[in-house]
Amino acid sequence: MIEFIAENLAPIMFASLIVFLLLGYPVAFSLAANGLLFFIIGVELAPLSDSINLSWPLLNALPDRFWGVMSNDTLLAIPFFTFMGIVLEKSGMAEDLLDTIGQLFGPIRGGLAYAVIFVGALLAATTGIVAASVIAMGLISLPIMLRYGYDRKVASGVIAASGTLAQIIPPSLVLIVLADQLGRSVGDMYAGALIPGLVLTGLYMVYILIMTILKRDSMPALPLEARTLGSGVTSLFIALAVAAGIAYAAHVYLYPTQGENADILGGTVGVAFIYIVALLDRGLKINAMSRLAQQVIIVLIPPLALIFLVLGTIFLGIATPTEGGAMGAVGALIMAAAKGRLNLDVVRGALTATTRLSAFVLFILIGARVFSLTFYGVNGHIWVEHLLTAMPGGETGFLIAVNLLVFFLAFFLDFFELAFIIVPLLAPAADKLGIDLIWFGVLLGINMQTSFMHPPFGFALFYLRSVAAKVPYLDKITGKSIQPVTTGQIYWGAVPFVGIQIVMVGLTIMFPQMVMHYKGTGTGVDPNTIKIEVPGFGAGGGGLGLPGGLQLPGGSPLDQKPADQGGAQPQTAPSNDLSQPPSFGSPGAQPQPAPSNDLSQPPSFK
């Protein structure tokens, strides 16, 4: 029995960790305690198994591993983006966006749902925090949706799902963690995840469109009296057309000097121009634009500018993700100050929440280091790699098995825990199968997004539950009694969006180029056609001084010509006849004939 345990310590250790987590112990302490417990067991059982490489001196490696976690510059982006998101939440940006975009889409069926999805994508690209997005939209949009007769399941589902876009749209915190665990660039991970995030946003909108056709009364349009900004969509389209024309002209002007960056810079010029015009139009009361166009441009441009400040500088190679996060935090403070909402309470609250989340991540990482020290010591990584690479179906079978595993574990673990525990075990097997790790990380990120959306630990559902009405209340605008939103309605509303996320996983597997575009067009050179020739040495071998060889300054001695005056006559190159031994006679001595190979006579030592 003891021998069996010694030979199978890796799977026993992994199963014990799952048991610890299911019992409800904190993840960081479960990882550390499991690692230390099995370290002791492994040291005692090491003589019984060749697969156990543990000894007491190995514990001396823990301080260096802890220091490696704390000195990781990549993880600095987490507190920066967290601080930025919380300050933006306090600045009222989400409230202004939801009100304005709701007015813009209000005249059509499902307009408020479209607005929530659109604003959810914008908040994801500025905050990167699921909790901030879901709570803000739940507080602002849910009462309005209930006021105008939206189906409670649809309303709660679209708010929770739109909030989870912060999981996959850069600058997502989980993408930072995944890049760190996979040993890849955060910038490449952001570039790879951008298109899948936008496609997922589009799928949400397609679902709302289908629902407005199948259930017309589930998402009515805003009544005329609720459209306080009036009409004026034509004015907005004209303003956007002018901005596009200026952007194109700037692109043409800048292309000779800026090259591929001219399109981004040209777009910046066009957006800045129309923003200044809108501010002047409102400030000077010219009113050349409609109120709706003014409000949309003035409210929408600052978060877009912040997105460019963060993601644009990263994609252009101007800033690292950590530097982009720092600039985003400064930009969020400026936006909050511009709205007159920057005060000591806001800064204190943002710093407190940032410190709490950073400590949470750091403790999980330290626990994961203790666990991995023991798990690698019992060759657990080899056991996992053999288990996954032996899946029937090769790469396809591996991807199906991994996605099923992650989807199942997402019922019990959040994305941080999945990233720190599961991803380091999956990455070596994926790399051995030739799977691009950036693509693999984005795929896992989309799958782990479901951890926010399904019971019993769907955090997005908990966030929405905390701000949704639990008892009937009187609406301030209409004076009508509004029934509460039940927990069952929130859960059932999330189910279709979980299905959409699963569909997105399948689309990412079917169309990997959505992610692989991060590599660019490349040089078009096939590595298999590259031939490296090492120069040889000696006559006729392409060596020194010969065609194809390395030429020495002044030429090779073999290429020297006889001197015209008093020069020594060139010596004939020695024969390469290896059947004769070399001669070591003195200079000028006559060459001696080769000794006979007659072994019947004793050798002569004259």
Side-chain angles (χ1 to χ4, degrees), residues 94 98 101-102 105 108-124 130-169 197 199-221 407 410-411 414-415 446-470 482-505:
L98 284 167
I101 304 302
F105 288 106
I108 62 176
R109 290 184 182 274
L112 290 177
Y114 291 126
V116 166
I117 296 172
F118 184 80
V119 173
L122 278 179
L123 292 178
V130 174
S133 300
V134 174
I135 291 173
M137 292 190 295
L139 286 171
I140 300 165
S141 294
L142 187 58
I144 300 175
M145 289 178 161
L146 299 182
R147 176 186 304 156
Y148 296 112
Y150 269 62
D151 183 270
R152 283 166 168 73
K153 295 179 182 178
V154 175
S156 58
V158 75
I159 290 174
S162 300
T164 62
L165 289 172
Q167 169 98 355
I168 194 62
I169 293 180
V199 171
L200 183 60
T201 304
L203 291 178
Y204 287 170
M205 291 189 173
V206 169
Y207 170 73
I208 296 300
L209 176 63
I210 294 174
M211 289 297 295
T212 56
I213 296 173
L214 297 180
K215 295 184 177 180
R216 296 178 59 86
D217 297 332
S218 62
M219 289 175 282
F407 181 77
F411 278 87
D414 72 0
F415 70 94
I446 298 171
N447 197 334
M448 286 191 286
Q449 191 175 354
T450 60
S451 68
F452 283 95
M453 291 291 291
H454 50 49
F457 300 118
F459 286 98
L461 308 181
F462 292 162
Y463 299 144
L464 184 59
R465 175 70 281 173
S466 67
V467 297
K470 300 179 181 64
I482 305 295
Q483 294 301 310
V485 179
T486 66
T487 302
Q489 289 171 336
I490 294 175
Y491 281 166
W492 280 110
V495 170
F497 292 95
V498 173
I500 293 174
Q501 291 168 351
I502 295 173
V503 169
M504 189 64 215
V505 171

If every non-hydrogen atom of [X] is compared with every non-hydrogen atom of [Y], which pair is closest and at what distance?
{"X": "Ser141", "Y": "Ile159", "answer": "CB-CD1, 4.4 Å"}
{"X": "Pro143", "Y": "Gly138", "answer": "CD-O, 3.5 Å"}
{"X": "Leu142", "Y": "Ala155", "answer": "CD1-CB, 4.0 Å"}
{"X": "Met453", "Y": "Ala460", "answer": "SD-CB, 4.4 Å"}
{"X": "Leu112", "Y": "Gly102", "answer": "CD2-CA, 4.1 Å"}
{"X": "Ala136", "Y": "Leu98", "answer": "O-CD1, 4.3 Å"}

How far does [atom1] of [X] sit from [atom2] of [Y], to the nearest 0.5 angstrom?
{"X": "Met205", "Y": "Ile210", "atom1": "CE", "atom2": "CD1", "value": "14.0 Å"}
{"X": "Met145", "Y": "Ile140", "atom1": "CE", "atom2": "CD1", "value": "12.0 Å"}
{"X": "Ser156", "Y": "Trp492", "atom1": "OG", "atom2": "CH2", "value": "12.5 Å"}
{"X": "Arg216", "Y": "Ile213", "atom1": "CZ", "atom2": "CD1", "value": "9.0 Å"}
{"X": "Leu146", "Y": "Gln483", "atom1": "CG", "atom2": "CD", "value": "10.5 Å"}
{"X": "Ile208", "Y": "Ile108", "atom1": "CD1", "atom2": "CD1", "value": "11.0 Å"}

pair [X]-[Y]: side-chain heavy atoms closer than 4.5 Å:
{"X": "Val485", "Y": "Leu464", "answer": "no"}
{"X": "Tyr114", "Y": "Leu209", "answer": "yes"}
{"X": "Met211", "Y": "Val154", "answer": "yes"}
{"X": "Arg109", "Y": "Met219", "answer": "no"}
{"X": "Leu461", "Y": "Tyr491", "answer": "yes"}
{"X": "Pro220", "Y": "Tyr150", "answer": "yes"}
{"X": "Val134", "Y": "Phe452", "answer": "no"}
{"X": "Val505", "Y": "Phe407", "answer": "no"}

Check your understanding: Would you call the rings of Phe459 and Tyr463 parallel, tilted or perpendicular if under 30° counts as parallel and over 60° as perpendicular?
Key ->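 The rings of Phe459 and Tyr463 sit tilted, inter-plane angle from 30° to 60°.
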Point to revise | Lys470 atom NZ: more than 12 heavy-atom contacts under 6.0 Å | key: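 Yes, NZ of Lys470 has more than 12 neighbouring heavy atoms, counting only those of other groups under 6.0 Å.
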Review point. Is there a side-chain contact (heavy atoms from CB on, under 4.5 Å) between Ile168 and Met504 once you walk through the steps?
Key: CA-CA 12 Å; Ile168 194 62; Met504 189 64 215; over 6 Å; no
Check whether any side-chain N or O of [X] sits under 3.5 Å from a backbone N or O of [Y] as a donor-acceptor pair, and report yes or no.
{"X": "Lys153", "Y": "Gly488", "value": "no"}
{"X": "Gln167", "Y": "Val130", "value": "no"}
{"X": "Arg152", "Y": "Gly493", "value": "no"}

Practice item. Classify the side-chain pair Thr164/Gln449 by whether it contains a donor and acceptor separated by less than 3.5 Å. Key: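 Note: Thr164 and Gln449 side chains meet the donor-acceptor criterion.
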